[in-house]
Amino acid sequence: MSWLSLHHRLERHTGLLIFGILLVSAIGGMVQLLPIVSEDTHGHGLPGSMLYSALELEGRDIYIRESCSTCHTQQIRPLLAEVKRYGPYSRAEEFVYDRPFLWGSKRTGPDLHRIGGRYSDVWHRLHLIDPRSVVPASIMPAYPWLATNAADHRGSIQARMRALAKLGHPYTAVDISGAPAGLEGKTELDAVIAYLQSMGRSNGGQAQP
Amino acid sequence: MTAGVYVAAELVWPTIDWGLPALSFGRLRTAHTTLVLFGFGVSALIGTAFYSVQRTSHVRLFAPGLAWAVFYAWQAAIVLGAVSILAGWNAGKEYAELEWPFDLAITAAWVGFAIVFFGTIAKRKVDAIYISNWFYGALIIVVAMLHIVNSLALPVTAGKSYSLFAGAQDAVVQWWYGHNAVGFLLTGGFLGMLYYFLPKQSEQPIWSYRLSIIAFWAFVYTYIWAGPHHLHYHAVPEWLQSLGMVMSLILLAPSWATLVNGIMTVSGAAGKLKTDPALKFIVLALAFYGLATFEGPMLAIKSVNVFSHFTEWTIGHVHSGALGWNALITFGTFYFLVPRLAGAPLYSARLANIHFWLALGGTILYALAMWGAGVSQGVLWLSLDELGEVRFSFNDVMAAMRPYYLLRFLAGLMFLAGAVLMAWNLARTVAGRRTILVAPPAIVGAGAPA
């Protein structure tokens, strides 16, 4: 058989085998990734999908540090039960300033994409320091250290905003120079709450059900 | 593995992180997946690849000094990387959480792995490159490609970087990586292990050479398309989701072609299965491979995924693969390798048998607990009442998970106890002491560290 003799040559040539594997495995990725990542998404944002403020960005980076997305998704699927439970379904335009995306893959806790404005700051404060004080059956970890750590205690907020500006986020020089003032006197807890309250504020351009 | 059991306990008793950031669920769970995937999984793959490539090529390793450097660099990068995650360095991408300094370090170690491996193949004295080496080769090439693209980021400080991709684009890149890291590492790499150790230990040749060629190339081509099934009903294009689902279903064919090849290979050595612990582990792993590669495509069907997605079912699926397939075949290779390396017979076949049953029982209990939990979550979350409103609050469903979480913790403990038993058995084998067989000590049930 001819294909067998072709393979006979392939499995005797190290370089040919390496090249073959690379070629065959790259096809699927190229077809799926290139059309998606080559699209320029800037300017596609909904009116409400605003940039994160310095405080919200700090909160988001703490959310990443604590791996909150291990248990909380930020992705409401267009299913009746999900829209009823969590709010308008998630749309791609809402995430153009999310680096990395934090959609998550597991709901040990509830989805958070439309959590903004649902609870008061005070509720979040109590809940993050001791979840079981407001939700007795909760299995969420307590985060007491957020209340004692000063926000941006490493002093990297401007460097972070400059990096994001380089990647295309429209932060202005004024935004960046004013960032430390926006974090002055705030704790990590304040930052996380500001981020949670900002979440899903555009509502995906849809009315509440 | 111990970290895994601990985080499982945290879901039953949420306050046992003692208010310490490093023991907090999010950080510890991330350290658990990193250590298991890159510490346990990749170390087992590099070790067995270096062992088998020499024997299938009839030459010593190319650049043995570099091979040692790969060992030390990989161990150091993963151990320090896990510490960095506990300290709060986190790139935020699932199964790629290590920050950019570690991404660079593991890339360098990986290049060393590739040079030693392909260098050894290039100077082989055997005419054809044996099939286990195709799979190990695919592991090296494809994982390098995935890791480099997915980790592209702009560093800000030593412990912080931002992904070059944002939002939905980042999601598509991440699941191309995430799914195929499973594919080429946990499936493809471990198939390389299977293709060497199964015929060796059963003393049977591979049943069909042609089937192995077809299965290999179909696997390499098809697997890479399946990533978008992680994004069903998400904010990514519909064509991408459908394509991901169809290719995931097609993937069943090459996966099971290898399964058939494996089963037919071992069928000539059925008698040896009764007495040989290493072969028992490898064949049981093959069975779990078959189950997990059937369950995967089923979960990728959109109408099934709508229930299973975001639930414990996914966790159960991953663990029936990771415990049942990856860990069991690795245990099999340990029972194969260590007596050979120590030049002494296995200290206790009886302990290995007890380990076998603990591992099997632990895996099955784990899968059962997560099926129960996952199916409950899937059905209860989407359940609507007569008025079209959600029937159950999130909290009610969460509270109903407690017995399943407890069962999962016990299953993990059982699996871990077996692994501890193995470690002791192998340590005694290496020590080379011959003692009269003693009854297994108390560590079987209760003494395993949690």
Side-chain angles (χ1 to χ4, degrees), chain A residues 4 7 11-12 14 17-18 21-22 24-29 32-33 36-37 41 61 64-71 73 75 77-81 84-85 90-92 95-103 105-108 110 135 137 139-142 144-145 156 159-160 163-164 166-167, chain B residues 11 14 17 19 21 24-27 29-30 88 90-94 118 121-122 127-129 134 137-138 141-142 154 156-157 160 162-163 165-173 176 213 217 220-221 224-225 228 230 233-236 240 243 306 310 314 381-382 384 389-390 394-395 398-399:
Chain A
L4 264 181
H7 204 272
E11 67 189 51
R12 275 161 185 78
T14 316
L17 187 66
I18 293 175
I21 290 169
L22 193 60
V24 170
S25 67
I27 297 169
Q32 290 182 339
L33 296 192
I36 305 279
V37 298
T41 57
D61 285 340
I64 295 169
R65 182 186 77 193
E66 303 297 344
S67 272
C68 301
S69 54
T70 299
C71 296
T73 55
Q75 186 70 203
R77 297 178 292 175
L79 307 170
L80 185 56
K84 291 271 184 192
R85 189 185 298 279
S90 306
R91 298 180 48 171
F95 301 100
V96 292
Y97 299 128
D98 279 17
R99 286 178 202 270
F101 80 113
L102 293 174
W103 295 356
S105 60
K106 175 78 202 328
R107 282 181 189 150
T108 305
V135 183
I139 54 170
M140 187 172 116
W145 57 91
S156 64
R160 279 182 275 156
L164 288 173
K166 230 179 263 177
L167 293 170
Chain B
L11 287 179
D17 60 14
S24 181
F25 181 87
R27 297 190 191 191
R29 191 267 186 181
T30 307
N90 191 326
K93 292 208 183 190
E94 245 182 302
F118 288 117
I121 288 183
D127 189 23
I129 301 168
W134 312 351
I141 295 162
V142 180
L154 185 65
V156 183
T157 60
K160 180 71 195 168
Y162 287 114
S163 171
F165 310 102
Q169 298 177 328
D170 194 35
V172 174
V173 174
W176 169 76
I213 295 177
W217 290 105
V220 172
Y221 176 76
I224 211 92
W225 294 78
H230 289 260
Y233 297 105
H234 285 42
V236 297
L240 190 68
L243 191 57
V306 80
F310 297 141
T314 313
W381 283 343
L382 295 182
L384 297 174
E389 298 297 327
V390 289
F394 190 90
N395 281 340
M398 185 183 69

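In the text below, chain A, chain B and the rest are named by the order of the sequence lines, each starting its count at 1.
- Using modelled atom types, one side-chain atom of A:Arg77 and one backbone atom of B:Val306 make a donor-acceptor pair closer than 3.5 Å.
- Interface residue B:Ile121: backbone and side-chain heavy atoms are both found under 4.5 Å from chain A.
- A:Leu22 touches chain B through backbone and side chain together, each having a heavy atom under 4.5 Å away.
- When the candidates A:Ile27, A:Leu79, A:Ile64, A:Val135 are compared by the number of heavy-atom contacts under 4.5 Å with chain B, A:Ile64 comes out ahead.
- When the candidates B:His234, B:Glu389, B:Met398 are compared by the number of heavy-atom contacts under 4.5 Å with chain A, B:His234 comes out ahead.
- The greatest number of non-hydrogen atom pairs below 4.5 Å with chain B, out of A:Pro144, A:Pro110, A:Ala142, is found for A:Pro110.
- If you check the side chains of B:Glu94 and A:Ser105, you find a donor sitting under 3.5 Å from an acceptor.
- Using a 4.0 Å cut-off between charged side-chain N and carboxylate O, B:Asp170 and A:Arg99 make no salt bridge.
- Between A:His7 and B:Trp217, the closest heavy-atom pair is NE2-NE1, 2.7 Å.
- Taking chain A as the reference chain and counting heavy-atom pairs below 4.5 Å, the highest number among B:Leu384, B:Leu243, B:Asn395, B:Ile224 is found for B:Ile224.
- If you tally non-hydrogen atom pairs under 4.5 Å between each of B:His230, B:Arg29, B:Lys160, B:Lys93 and chain A, the highest count goes to B:Lys160.
- Heavy-atom pairs under 4.5 Å with chain B were tallied for A:Thr70, A:Leu17, A:Asp98, A:Val24; the largest tally goes to A:Val24.
- Contact annotation for A:Thr14: both backbone and side-chain heavy atoms come within less than 4.5 Å of a heavy atom of chain B.
- Nearest approach of A:Ile36 to A:Gln32, heavy atoms of both residues: CG1-O, 3.2 Å.
- Within the 4.5 Å cutoff, no side-chain heavy atoms of B:Gln169 are placed close to those of A:Leu33.
- Considering only heavy atoms from C-beta on, B:Val172 stays 4.5 Å or farther from A:Phe101 through its side chain.
- Among B:Trp225, B:Trp134, B:Tyr233, the residue with the largest count of heavy-atom pairs under 4.5 Å with chain A is B:Trp225.
- Scanning for salt bridge (charged side-chain N to carboxylate O under 4.0 Å, His left out) contacts around B:Asp17 gives an empty result, with sequence neighbours left out.
- When B:Tyr162, B:Tyr221, B:Trp176 are compared by the number of non-hydrogen pairs under 4.5 Å with chain A, B:Tyr162 comes out ahead.
- For the residue pair B:Thr157 / A:Ser156, no side-chain donor-acceptor distance below 3.5 Å is found, with atom types taken as modelled.
- Options B:Ala399, B:Ala91, B:Gly92, B:Ala128 differ in how many heavy-atom pairs under 4.5 Å they form with chain A, and the most are formed by B:Ala128.
- If you measure heavy-atom distances from A:Thr73 to chain B, the contacts under 4.5 Å come from the side chain alone.
- Heavy-atom distances place both the backbone and the side chain of A:Val37 under 4.5 Å from chain B.
- In this structure, the portions of A:Ile18 lying under 4.5 Å from any heavy atom of chain B include both its backbone and its side chain.
- In this structure, chain B has a heavy atom under 4.5 Å from the side chain of A:Cys71, while its backbone stays farther away.
- Residues A:Pro141 and B:Ser24 come closest through the heavy atom pair CB-OG, 4.0 Å.
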